[in-house]
There are 2 protein chains.
Amino acid sequence: MYITLSAETRPDPGPLTHDAANRMRPATLLKQGRHLFHEGDEVERIYQVKTGVVRLTRMLEDGRRQVIAFGYPGDIIGFPADGCHHTDCEALVDTTLNVFRRTALDHGDGDPELHVALLKAALKEISEMQDHVMMLGRKSASERVASFLAVITQRYGEKMGSHRRISLPMPRSDIADFLGLTTETVSRAFSALRNEGVIALNGAQTIIVMESARLQQLALGDD
Amino acid sequence: MYITLSAETRPDPGPLTHDAANRMRPATLLKQGRHLFHEGDEVERIYQVKTGVVRLTRMLEDGRRQVIAFGYPGDIIGFPADGCHHTDCEALVDTTLNVFRRTALDHGDGDPELHVALLKAALKEISEMQDHVMMLGRKSASERVASFLAVITQRYGEKMGSHRRISLPMPRSDIADFLGLTTETVSRAFSALRNEGVIALNGAQTIIVMESARLQQLALGDD
DNA sequence: CGACTCCTTGAGCAGCTTCAATCGATGTGG
DNA sequence: CCACATCGATTGAAGCTGCTCAAGGAGTCG
């Protein structure tokens with residue numbers, strides 16, 4: 001999950017293709033808090049999130065942390081670069097994953113459709129990452145938070161009459177490390193949105209988006 | 001070109017593979033200042049920079065700009081997402097490019113090696129982009145500038161005794177938009193490095209790196 | 001030489017971070 | 001069932017980093 005605002009809804013988060021589904025190993029369960037892999041591990045498998053949410057992080061020597069992405073259902077996780085993982089991956093909630101062999105990237109495991117699908121997924125990831133770069137490089141704190149909420153709402157929000165409800169499985173610190181901010185700044189931005197009536201908070205995890213159009217405006221700096 | 005610090009030197013920036021080279025169209029020339037494509041254009045071809053340097057940018061409605069990447073020799077440019085370009089691409093100097101059909105992504109244009117090579121290039125781009133995200137999200141201005149110079153030095157610096165020389169084909173404003181800073185901040189960071197004897201400036205475009213080890217320390221926040 | 005563009009430097013300001021205290025939800029033991 | 005401990009979230013106050021605005025310098029091209 002990166003910060004991409006687009007009009008179209010998310011494609012079916014099911015298996016890559018019917019054929020691809022036939023080739024993959026049975027889904028595995030990753031319990032909340034458990035790591036799927038660590039930075040530096042050799043890449044042996046590639047995963048697609050089936051249900052749940054995972055977090056991809058990278059660290060600097062001195063402990064500064066960046067959340068690279070959140071993996072939501074349908075997202076492909078664990079693309080290798082020179083053979084090893086460059087992020088840690090941890091489950092934010094109990095998560096099930098479809099598993100593919102790494103070799104599927106080289107020759108598609110005899111399944112050209114799978115190969116093409118993986119390439120497509122990689123291209124989508126590049127594009128979404130570009131949005132994330134734009135956000136980190138050029139958007140203000142409040143714009144970043146609005147962007148984050150707008151994307152989650154658009155992709156994963158449940159309709160509730162004219163409103164939408166989203167649940168945030170990650171703590172504020174993960175959101176902060178994703179957006180390049182501190183937890184305090186994220187919290188203040190949430191409060192500001194609440195005070196303006198754009199969102200309502202129901203505990204820290206559940207958010208009612210009252211004015212999603214306004215949220216998208218704010219995400220683009222249209223204030 | 002993203003901000004990746006790694007020990008190994010850059011692989012041969014020649015054509016993807018011998019076979020792939022045979023399949024591609026003859027190299028084209030893109031004069032300095034000319035656009036290869038614009039944001040929103042339909043993707044018809046994919047390019048590999050042969051000589052020269054290009055700049056990939058993305059804009060926000062209100063004019064804020066982010067340089068997503070610089071394309072140096074060997075880099076693949078123009079990966080599509082839902083069929084169209086999401087960045088502008090402009091040549092910073094006269095540039096030659098190898099050209100591939102977009103369909104090479106779908107079925108390799110009958111060349112499986114090419115298909116694999118493109119996928120590999122996409123995976124590398126994802127990894128480098130992750131470094132860029134880490135930098136924008138968590139590094140200070142001086143660390144970003146040091147990272148930028150360290151990478152350029154490592155990959156493209158010419159040896160000059162114990163020093164290395166690099167030439168920066170892009171103006172300060174492009175560096176600033178790449179690093180998520182302003183030109184003034186970039187300029188100040190350059191001056192600080194000069195005052196500390198880490199680099200020497202020979203005009204604005206040519207830089208002598210006196211202490212590249214120190215530069216890499218600074219890039220990682222080891223000050 | 002003069003005009004232009006880009007780069008550098010300075011001064012003041014704003015936004016975000018840091019540090020610190022409080023609040024609120026959750027869970028545990030008495 | 002309540003008191004209390006714990007952890008995350010929120011809010012406040014002060015400080016710092018990087019931005020804005022402005023002026024001057026350096027290289028380039030007519």
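Just so we're on the same page: letters track the sequence lines, and every chain starts at 1. Quick caveat, the model's predicted, so the values are computed rather than measured.
Using a 4.0 Å cutoff to heavy atoms of chain B, the contacted part of DNA chain C runs 5' to 3' from C:dC7 to C:dA11.
Across all strands, A:T185 comes closer than 4.0 Å to base atoms (heavy-atom distances). B:S187 comes within 4.0 angstrom of a base, heavy atoms only.
Spacing between atom CZ of B:R138 and atom C1' of D:dG18 amounts to 16 Å, rounded to whole angstrom units. Between A:F190 atom CZ and D:dT11 atom P there is a gap of 12 Å when expressed in whole angstrom units. Straight-line distance from the CG atom of A:N202 to the P atom of D:dA9: 15 Å, rounded to whole Å. If you measure from atom CD of A:Q205 to atom C1' of D:dC7, you get 12 Å, rounded to the nearest angstrom. Rounded to an integer number of Å, the gap from CG of A:L92 to P of D:dG8 is 14 Å. If you take CD of A:E184 and P of D:dG8, they are 13 Å apart, rounded to a whole angstrom. Atom C1' of nucleotide D:dG18 and atom CG of B:D177 are separated by 15 Å, given to the nearest angstrom.
Between A:E90 and A:R55 there is a salt bridge, since at least one side-chain N of the basic residue sits less than 4.0 Å from a carboxylate O of the acidic one.
Of the residues in residues 193-201 of chain B, none lies under 4.0 Å from DNA chain D by heavy-atom distance.
Summary of the strand contacts: A:A141 and A:G203 both lie near DNA chain C, and taking for each the nucleotide with the nearest heavy atom, the more 5' one is attributed to A:A141.
Using a 4.0 Å cut-off, no side-chain N or O of A:R188 falls inside it from OP1 or OP2 of D:dT11. Taking 4.0 angstrom as the limit, A:T183 places none of its side-chain polar atoms (N or O) nearer than this to OP1 or OP2 of D:dT10.
Here the nucleotide nearest the side chain of A:P171, chosen from D:dG12, D:dG8, D:dC19, is D:dG8.
Taking the ring centroids of A:Y72 and A:Y156, they lie under the 6.0 Å cut-off.
Between the side chain of A:T95 and the backbone N or O of A:V53, at least one donor-acceptor pair lies under 3.5 Å. B:N195 contributes no side-chain N or O that, together with a main-chain N or O of B:G197, makes up a donor-acceptor pair within less than 3.5 Å.
Ring-plane geometry between B:F70 and B:F178 is classed as tilted, the angle between the planes lying from 30 to 60 degrees on a 0 to 90 degree scale.
Summarising the geometry of A:A150 relative to A:Q216, their closest heavy-atom pair is CB-CG, 4.2 Å, with the distance given to 0.1 Å.
Under the 4.5 Å side-chain criterion, counting only non-hydrogen atoms from C-beta, A:H35 is not in contact with A:C89.
The closest side-chain donor-acceptor pair between A:Q217 and A:D222, if any, does not fall under 3.5 angstrom.
Judged by a 6.0 Å distance limit and a 45° cone about the ring axis, A:R45 is not positioned over the six-membered ring of A:F37.
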